[in-house]
Amino acid sequence: MDITNLTLIETIEAIKAKKFSEEELNNAYLKKIAIINPKINAFLEIQKKSRGIPAAIKDVISTKGIVTTAGSKILSNFLPQYNATVIEKLLEQGVSVVGKTNCDEFAMGSSGENSAFGPVKNPWNLARITGGTSAGSAAAVASDMCVFALGSDTGGSIRQPSSLCGVVGLKPSYGRVSRNGLIPAVSSFDTIGPIAKCVADAGLILDWISGADGKDSNCSEIASPLRGLAMTSLRGAAATKQSVKGLKIGMPKEYFSEGLDLNVKKVIEDAIKKLESLGAEIVEVSLPHSEYALAAYYIINPSEISSNMGRFDGIRFGSGREDLGPEVKRRIMLGTFALSSGYYDDYYAKAAKIRTLIKQDFEKAFEKCDVIVGPVSPTTAWNLGEKIDDPLKMYLSDIYTISANLAGIPGLSVPCGFSEGLPVGLQIIGKYMDEETVLNVGEVYEQSTEWRKEKPNLSF
Ligand code: GLN
């Protein structure tokens with residue numbers, strides 16, 4: 001048995017049954033990291049003395065005594081004095097940090113190439129990007145270098161790399177998981193969530209990390225408990241007898257039009273047919289303001305970024321701003337412009353209105369259905385370097401993920417097939433704080449297909 005192939009739930013059960021020790025578990029993963037990481041560049045920091053269930057943590061999440069860089073040169077020596085709330089919660093469950101994962105600088109990007117420490121490479125094809133910004137976390141799970149990972153999602157950064165690397169990624173509702181200790185990008189969009197080997201694992205991890213926290217006032221009381229989710233997850237998918245029978249699954253027509261790669265479209269449509277054959281009712285829904293989502297997101301995002309980045313003044317943290325990469329500088333400039341007097345009403349105020357309209361689109365659509373499905377990414381993983389000099393092209397790849405952040409609702413990426421040998425993810429979007437239905441649909445789909453068994457060939 002290769003220990004590193006096991007899911008989180010299988011790993012917990014195997015340890016309980018004394019099939020191997022935690023020491024053996026960590027040694028197996030550390031051995032794998034030593035062989036594979038030099039090719040993929042998923043980890044920036046490796047904890048050789050990891051004991052417990054080894055998890056990989058995106059390097060925007062503060063870990064006490066472990067360097068946390070946010071993929072930026074300016075934080076290359078930043079040693080947090082405290083753990084993020086999510087880390088404390090994982091430690092309570094017997095999880096250990098096996099390493100910190102590479103990411104686009106300050107979580108800005110869509111390809112994993114904006115890190116000051118070099119790009120992350122896709123385990124399915126080393127010439128391809130992983131997607132971003134939780135690039136290293138998705139690549140580490142896809143190549144079995146950890147049992148699971150945490151990422152952060154501001155506009156797609158958990159779902160998109162999970163989709164392009166063929167793993168499960170869940171962006172929780174805004175306010176489900178505490179942001180305390182997360183280096184912020186866009187405070188009103190940022191969420192922390194799991195990247196995992198199967199949907200049941202993602203549910204269990206969500207259960208571990210979610211819940212109200214006095215250190216994040218936006219982390220709401222209704223965030224916990226996730227009734228029954230941990231129990232069903234621990235019993236394993238096969239035993240739960242979940243079903244999608246009678247569930248209404250919404251297909252937004254705006255997500256299947258121009259811009260969607262035809263091969264990806266076919267894979268997604270097949271996945272939806274599968275859900276239909278499992279008893280779900282497919283209904284057409286409309287999200288009419290989708291066409292404005294990208295414009296609104298790329299005003300609000302840089303605006304909040306320009307304010308959040310003010311803390312990097314060369315006094316409190318790290319080195320000076322001259323060390324920031326081009327994408328971060330671009331966003332600070334765009335945001336400062338959008339917020340400046342004389343332009344605020346034309347840009348930020350308009351974008352904020354669109355945000356409300358998008359939220360209302362979802363509320364209306366959810367009157368007709370229980371979840372909404374569609375693609376995560378308009379294409380599979382593209383070539384390294386292909387979009388790096390064209391920010392607009394890069395931004396366009398976020399077209400299907402950003403709306404869930406604008407609306408604050410949950411979204412899951414589940415592997416649903418391949419196009420020319422590269423993974424495709426199905427996105428399942430749910431009502432605010434209804435992660436349970438999203439996870440159930442994901443799990444039923446996953447367990448009735450074989451995609452989760454596909455692994456990249458890592459014999460480089
Ligand atoms: N690609 C999006 C951006 O660059 C999303 C990033 C994220 O979710 N952190 O803003």
Side-chain angles (χ1 to χ4, degrees), residues 110 153 155-156 159-160 162-164 171 173 244-298 350-351 353-380 392-393 395-417 419 424-432 434 437-438 440-442 444-445 449:
S110 312
D153 193 312
R159 289 160 288 160
Q160 190 246 20
S162 296
S163 168
L164 303 191
K171 170 228 175 294
S173 301
V244 291
K245 278 207 181 81
L247 270 188
K248 290 200 171 110
I249 294 187
M251 231 178 129
K253 52 177 186 266
E254 293 82 1
Y255 285 18
F256 291 86
S257 56
E258 215 189 320
L260 178 60
D261 174 276
L262 290 179
N263 291 331
V264 172
K265 188 177 179 191
K266 167 96 179 49
V267 172
I268 299 293
E269 284 171 347
D270 286 349
I272 295 171
K273 276 187 204 138
K274 179 80 198 176
L275 284 167
E276 192 172 23
S277 76
L278 292 166
E281 184 188 338
I282 310 299
V283 295
E284 192 179 286
V285 294
S286 176
L287 300 168
H289 296 93
S290 297
E291 61 177 305
Y292 308 112
L294 206 68
Y297 175 88
Y298 276 101
K350 269 208 179 119
K353 282 182 191 154
I354 293 172
R355 178 187 199 159
T356 304
L357 293 170
I358 285 172
K359 201 166 163 252
Q360 289 168 351
D361 279 359
F362 278 109
E363 283 162 6
K364 265 215 175 110
F366 282 128
E367 285 170 9
K368 285 203 207 159
C369 62
D370 301 291
V371 293
I372 288 173
V373 293
V376 173
S377 164
T379 64
T380 53
L392 283 183
K393 258 196 192 153
Y395 299 167
L396 273 170
S397 63
D398 302 337
I399 186 92
Y400 302 123
T401 49
I402 49 182
S403 293
N405 300 79
L406 285 158
I409 55 182
L412 177 74
S413 177
V414 188
C416 70
S419 168
V424 175
L426 173 72
Q427 184 169 204
I428 305 170
I429 300 173
K431 297 175 189 168
Y432 178 64
D434 188 16
T437 308
V438 169
N440 284 343
V441 173
V444 168
Y445 174 79
T449 58

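If you read the sequence from its start, that first residue is 1, and numbering goes on from there. All values derive from a computational prediction rather than experimental measurement.
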Check: Do other residues, nucleotides or ligands put more than 12 heavy atoms under 6.0 Å from the CZ atom of F256?
Finding: yes
Margin query: Please check this pair: side chain of R159 against backbone of Q427, looking for a donor-acceptor N/O pair closer than 3.5 Å.
Written below: no
Checklist line | Ion pair check, K266 and D270, cut-off under 4.0 Å | finding: yes
Check: Between S110 (side chain) and Y395 (backbone), is there a donor-acceptor pair under 3.5 Å?
Finding: no
Next item on the list: Considering non-hydrogen atoms only, spot the tightest contact between S419 and N263 and give its length.
Entry: OG-CB, 3.2 Å
Next item on the list: Grab the two heavy atoms, one from C369 and one from V285, that are nearest each other, plus how far apart they are.
Entry: SG-CG1, 4.0 Å
Checklist line | Check: T449 side chain, Y445 main-chain N or O, donor-acceptor pair, under 3.5 Å | finding: yes
Next item on the list: Would you indicate whether the side-chain heavy atoms of V376 and T401 approach each other to under 4.5 Å?
Entry: yes
Next item on the list: Quick one: sort the F362 and F366 rings into parallel, tilted or perpendicular, breaks at 30° and 60°.
Entry: parallel
Item checked: Spacing of OG1 belonging to T356 relative to CG belonging to L406, to within rounding of 0.5 Å -> 10.0 Å
Notebook entry, point to check: Just by modelled atom types, is the P378 backbone N or O under 3.5 Å from a matching donor or acceptor in the D261 side chain?
Noted result: no
Note to self: Quick check for you: to the nearest 0.5 Å, what is the distance between I249 atom CD1 and I428 atom CD1?
What the structure shows: 7.0 Å
Notebook entry, point to check: Under 3.5 Å, is there a donor-acceptor pair between the side chain of D361 and the main chain of H289?
Noted result: yes
Check: Going from NZ on K171 to OG on S413, what distance comes out if it is rounded to the nearest 0.5 angstrom?
Finding: 14.0 Å
Notebook entry, point to check: ring pair (Phe, Tyr, Trp, His ring centres under 6.0 Å) with Y400: which residues, sequence neighbours excluded?
Noted result: Y255
Next item on the list: Side-chain contact test, heavy atoms from C-beta onward, threshold under 4.5 Å: evaluate it for L287 versus I358 and give yes or no.
Entry: no
Next item on the list: For the pair S397 and T379, evaluate side-chain contact (heavy atoms from CB on, under 4.5 Å) and give the outcome as yes or no after the intermediate values.
Entry: CA-CA 8 Å; S397 63; T379 64; 5.8 Å; no
Item checked: Separation between OG of S290 and CG of L357, rounded to the nearest 0.5 Å -> 11.5 Å
Next item on the list: Could you check if a side-chain atom of K431 sits within less than 4.5 angstrom of a side-chain atom of D370, using non-hydrogen atoms only?
Entry: yes
Notebook entry, point to check: Can you find a heavy atom in the side chain of L426 that is under 4.5 Å from one in the side chain of L275?
Noted result: yes
Next item on the list: Enter the distance from I282:CD1 to L247:CG here, rounded to the nearest 0.5 Å.
Entry: 10.0 Å
Check: Are any of the side-chain heavy atoms of Y297 and S403 separated by less than 4.5 Å?
Finding: no
Next item on the list: For residues I268 and M251, determine if any side-chain heavy atom of one lies less than 4.5 Å from a side-chain heavy atom of the other.
Entry: no
Item checked: K253 side chain near S286 side chain, heavy-atom distance below 4.5 Å -> yes
Notebook entry, point to check: Does L164 reach the side chain of S377, with side-chain heavy atoms less than 4.5 Å apart?
Noted result: yes
Next item on the list: Could you grab the distance from atom CG of L412 to atom CD1 of I429, nearest 0.5 Å is fine?
Entry: 10.5 Å
